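Structure record follows, encoded as structure tokens.
These figures come from a predicted structure and were not determined experimentally. In each ligand, atom 1 is the first atom listed, and ligand 1 is the first ligand listed. If you read the sequence from its start, that first residue is 1, and numbering goes on from there.
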Amino acid sequence: MIEMINISHEYDGEQILHDISLIIPDKKFIVITGESGSGKSTLLSIISTLLKPTKGELLFDGTLIKKIPNINHFRNQKIGFVFQFHYLISHLTIYENIEMVTKRPRAEIEELLSKLDIAQLANKYPDQVSGGQRQRGAVARAMINRPAYIFADEPTGNLDSKNSQMVFDLLRKLDATVILATHDLSRIESTDRVLSLKDGKLC
Ligand SMILES: Nc1ncnc2c1ncn2[C@@H]1O[C@H](COP(=O)(O)OP(=O)(O)O)[C@@H](O)[C@H]1O
Ligand SMILES: [Mg+2]
């Protein structure tokens with residue numbers, strides 16, 4: 001379970017998020033939506049522990065994040081990230097990009113690639129496959145260590161509608177808490193909860 005208590009955030013003295021409190025139970029598919037500039041990425045960065053809020057508390061399973069001694073270790077163990085621009089390493093193959101973040105055996109990596117329908121591309125480099133295939137590679141990398149939480153910020157921002165649909169469906173079906181920030185709700189079939197942001201407030 002993730003809890004946010006009275007979270008506010010300022011950049012350079014300008015308040016961007018206003019007093020946000022919410023509870024996210026385990027294994028839910030949560031979508032954060034709102035117009036460009038409404039604060040989605042800021043909120044997602046805070047929930048995912050990457051950005052320390054100006055005010056308020058963040059807890060994972062009842063533990064204050066600021067009290068966790070080794071936050072990098074915590075992130076590696078528990079959290080997977082997917083971003084708009086896939087951030088796969090260009091001089092490594094799709095397979096090698098996943099291999100480098102995990103101790104899981106080859107068979108398990110291959111099984112995951114099959115599940116995402118990119119097994120045949122394992123030995124290709126990121127710029128040799130389509131945008132949608134690359135993004136599925138990035139999702140595979142986020143999933144391979146079976147994190148309890150997956151955070152995705154506009155993961156379909158540069159994909160066409162068919163590939164967007166595929167990435168959304170994939171995220172929706174994961175056996176994890178998935179929190180997705182997107183300005184485009186139209187292709188998301190179902191969610192456990194939609195958080196709408198307007199000018200940094202939940203509405
Ligand atoms: N690192 C930053 N420094 C200063 N202002 C920022 C920074 N990141 C975002 N902002 C501002 O915060 C507001 C919310 O941005 P953001 O969280 O990226 O919204 P969204 O993801 O919904 O487009 C915008 O006005 C943006 O310009
Ligand atoms: Mg954003």
Closest approach of any protein heavy atom to [atom], naming residue and atom:
atom: atom 15 (O) of ligand 1; answer: Thr42 OG1, 4.0 Å
atom: atom 1 (N) of ligand 1; answer: Tyr11 CE2, 3.7 Å
atom: atom 23 (O) of ligand 1; answer: Gly37 N, 2.7 Å
atom: atom 18 (O) of ligand 1; answer: Ser41 CB, 3.7 Å

Give a yes-or-no answer on whether the side chains of [X] and [Y] include a donor-acceptor pair shorter than 3.5 Å.
X: Asp184; Y: Ser186; answer: yes
X: Thr102; Y: Asn145; answer: yes
X: Ser38; Y: Glu35; answer: no

**Prompt:** Is atom 7 (C) of ligand 1 in close reach of the protein, with a heavy atom under 4.0 Å away?
**Reply:** yes

**Prompt:** For atom 27 (O) of ligand 1, is some protein heavy-atom partner under 4.0 Å away?
**Reply:**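 When distances to the protein are checked, atom 27 (O) of ligand 1 has no heavy atom within 4.0 Å.
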
**Prompt:** So which bit of Ile16 gets within less than 4.0 Å of ligand 1, heavy atoms only: side chain, backbone, both or neither?
**Reply:**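 Side chain only; the backbone of Ile16 stays clear of ligand 1.
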
**Side chain, backbone, both or neither: Glu154 near ligand 1, heavy atoms under 4.0 Å** = neither

**Message:** Cation-pi check for Phe81 against Arg75: NZ or CZ below 6.0 Å from the six-membered ring centre and within 45 degrees of the axis, yes or no?
**Reply:**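 Arg75 over Phe81 ring: no.
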
**Message:** Within ligand 1, which atoms have a heavy atom of Glu35 less than 4.0 Å away?
**Reply:**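 So the answer, numbered in order with elements, is 22 (O).
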
**Complete:** Under 4.0 Å from one or more heavy atoms of Gly39, ligand 1 contributes atoms 14 (C), 16 (P), 17 (O), 19 (O), 20 (P), 22 (O)

**Matching residue for Tyr149 among Phe60, Phe29, Phe74 - test: ring-ring contact (aromatic ring centres under 6.0 Å, His included)** = Phe60

**Request:** Return yes when at least one N/O/S atom of Ser41 is nearer than 2.8 Å to the Mg ion (ligand 2), and no when none is.
**Result:**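 A backbone or side-chain N, O or S atom of Ser41 is under 2.8 Å from the Mg ion (ligand 2).
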
**Request:** Indicate yes or no: does an N/O atom of Asp12 lie under 3.5 Å from an N/O atom of ligand 1?
**Result:**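 Between Asp12 and ligand 1 (N or O atoms, distance only) the closest approach is not under 3.5 Å.
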
Nearest-0.5 Å distance, [atom1] of residue [X] to [atom2] of residue [Y]:
X: Asp192; Y: Ile24; atom1: CG; atom2: CD1; answer: 11.0 Å
X: Gln135; Y: Ile118; atom1: CD; atom2: CD1; answer: 10.5 Å
X: Leu43; Y: Leu195; atom1: CG; atom2: CG; answer: 7.0 Å

**Prompt:** Hey, is Ser38 one of the residues with a heavy atom under 4.0 angstrom from ligand 1?
**Reply:** yes

**Message:** Between Glu10 and Lys55 (salt bridge meaning N to carboxylate O under 4.0 Å), is one present in this structure?
**Reply:** no

